[in-house]
Protein chains: 2
Amino acid sequence: MPNTPNRKAQILQTAATLFRERGYQAASMRDIATAMHIEAASLYHHIKSKEEILEIICFDMAEQFIAAIAEVNDIYFNAEEKLRMAILNHVKLITQNQERSAVFLHEWRSLPAAALNEFLVLRNQYESGFNQIVKEGIEEDIFDSIEPKFAVLSILSSVNWINEWYKPDGKMSPGEIAKNISDFILGGLRKKLVTDPGYQP
Amino acid sequence: MPNTPNRKAQILQTAATLFRERGYQAASMRDIATAMHIEAASLYHHIKSKEEILEIICFDMAEQFIAAIAEVNDIYFNAEEKLRMAILNHVKLITQNQERSAVFLHEWRSLPAAALNEFLVLRNQYESGFNQIVKEGIEEDIFDSIEPKFAVLSILSSVNWINEWYKPDGKMSPGEIAKNISDFILGGLRKKLVTDPGYQP
DNA sequence: CATGTTCCCTAACAATTGTTAGACAAATAT
DNA sequence: ATATTTGTCTAACAATTGTTAGGGAACATG
C-alpha cells in the first residue's frame, strides 16, 4: 500500500469521504489514517495540517464549478439552452465526485476565517453565473419575469440536493437527472392549458 | 439571570443557536455555558447530556413539521391549495425558529444511532405528506404527470434553502416568500403561450 | 427557626484531539 | 557501495472534550 504514486491525492479522497460521512470536525486525523492503514503522524509528511486538507478540497472544487459555468456562458446559446447546460454540468460534477462535492457544499463552514472569506467570493461568483443566465432569459423574453434571485436559489438548492440521494448504481444517469430537473424548473408543476412546445435543440 | 423560569428552554435555545453557527460537534458544552454566563457543569442540573439536547431539538421540530403537514392533508382543499398551504406552513415554521429548524435540517446527522433511526422515520413521514399531495394533484389532473419524487425533493430543497438566507428584518414576509416559491414551483420558469390562469382561491 | 429544593460553583477525571520530534527501513540516485 | 530521499513508525506533548462529585448560597415551605 505504501509508496504508491499520488499518496497526497489518496489522502484527500479518503479525507473527503470521511468529512462527508461524519463532518469535518467529527472526522479525526486518526480516522483518516486508519482508513488508509497508516498512523496519524504519517499523514504529516504529505500535508501540512487538517485545515489544509479542507482548503485544498474546497478550493479545487470551487475552481471546477466556476470553470463549468464560465464555459457555458462563453459559448453562445439562448438562455434556455444555457440553463440546461449549466444544470447538466453541475449534475455531472456532483455525480462524478460526490465526496469532494459534499465537502464543497457543506463543510466549507469549517474553513479558517481568511480562507472562508476567499471561498465565499468564489461561491458568489458561481451563483452570479446562474443569475446572469436567468436575467438573460428574462430580457430575451423567453423566461417569465420572476425575481432572478428566487429562481437561482431554487435551482441551486434543487441540484445540490441531488448529492443527498444520488447513488452511482441507481437507474438514472446524470444526464437523465439533469433533464428531469431542467424540465421541472422550466416547466413548473401546474398543468398548462396548451400543448407545451417543449425543448427544441 | 439565574432562577428565571424555563431554564431548560433557555439552554435548548442557546444550544440551537450555537449548533447552527458552528455545528453540533464544534459547539462545546463550555461554549453553551459561556453564552449563558454559567459554568459548563451547571448545565447538567437541567439536561442529562449533550446528546440529549440534540435529541430534544430534533424530535420537537420533527413533531411540529409533521403536525403541520397532517393538518393540511386533513382539511380538504384541491391539490394546489394543499401544496400552497404546506409550503406556507413550512416557511412559517422555519422563519419563526431558524435556529432550531437549522438543527432539525442539518445537525440530526450527529444523533446517536438509535435516535437517528427513529428520526429518519419521522423525516420520511413528513416527505410522504408532500408526496401524497403531488400524487393527488396528478390524479386530479391539475398537475403535470411528473415523477412525484423529483417534484417533492425539488420543493423541499427549495423551501429548506430559505433558512440559509432569510433574515427576520428583511423586506419579505414569510407569507410573501411562500407565495413566490409556490408560484415558481407551480408555474415554472419558461414563458407560457397563453395567459396564466393563476391561482383562484 | 428548621428543612428541603433549586441552581450554580470549583475541581477534577479520563479520553480524544491535532501536531511534533526523532528513529528506522526501503527505494532511488550517485 | 554509498548517500539521499521518501514514507512510515513509536512516543509524546498540550489542549480541549463531555462528564461527575461534592459543596454552598438563595429561596420557599413546614
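So that the names make sense, note that chain A is the first sequence line, chain B the second, and so on, each numbered from 1.
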Exercise for the section: Check side-chain contact (heavy atoms from CB on, under 4.5 Å) between Tyr44(B) and all other residues, then give those that pass, not counting sequence neighbours. Expected result: Met29(B)
Problem - All pairs passing salt bridge (charged side-chain N to carboxylate O under 4.0 Å, His left out) where residues 24-44 of chain A contributes a residue, at least two apart - result: Arg22(A)-Asp31(A)
Practice task
Rounded to the nearest angstrom, tell me the gap between atom CD in Gln10(B) and atom C1' in dT6(C).
Solution key: 14 Å
Handout entry: Contact list for residues 41-52 of chain A, test salt bridge (charged side-chain N to carboxylate O under 4.0 Å, His left out), sequence neighbours left out
Key = none
Exercise for the section: Would you list the pairs meeting salt bridge (charged side-chain N to carboxylate O under 4.0 Å, His left out) in which at least one residue belongs to residues 112-133 of chain A, sequence neighbours left out? Expected result: none
Practice task
Please collect all salt bridge (charged side-chain N to carboxylate O under 4.0 Å, His left out) contacts where either partner lies in residues 53-77 of chain B, sequence neighbours excluded, each pair once.
Solution key: Asp60(B)-Arg100(B)
Handout entry: Euclidean distance, atom CE of residue Met36(A) to atom C1' of dG7(D) [Å, nearest integer]
Key = 11 Å
Practice task
Quickly work out the Ile11(B) CD1 to dC8(C) C1' distance and round it to whole Å.
Solution key: 11 Å
Exercise for the section: Can you sort out the partners of Ala67(A) under side-chain contact (heavy atoms from CB on, under 4.5 Å), two or more places apart, ordered by chain and number? Expected result: none
Problem - Whole-Å distance separating the NZ atom of Lys8(A) from the P atom of dG7(D) - result: 12 Å
Handout entry: For Phe65(A), all residues meeting ring pair (Phe, Tyr, Trp, His ring centres under 6.0 Å), sequence neighbours excluded
Key = His90(A), Phe104(A), Tyr126(A)
Practice task
Kindly state which residues belonging to residues 16-35 of chain B come within less than 4.0 angstrom of DNA chain C, counting heavy atoms of the residue only, listed by number.
Solution key: Arg30(B)
Practice task
Return the residues of residues 42-50 of chain B meeting this criterion: a heavy atom under 4.0 Å from some atom of DNA chain C. Order them by number, or give none.
Solution key: Ser42(B), His45(B), His46(B)
Exercise for the section: May I ask you to say whether Glu139(A) pairs ionically with Lys135(A), meaning some side-chain N is under 4.0 Å from a carboxylate O? Expected result: no
Problem - Rounded distance in Å - CD (Glu52(A)) to C1' (dG18(C)) - result: 14 Å
Practice task
With the side chain of Ala41(A) defined as its heavy atoms from C-beta on, choose the nearest nucleotide among dT10(C), dT8(D), dT20(C).
Solution key: dT20(C)
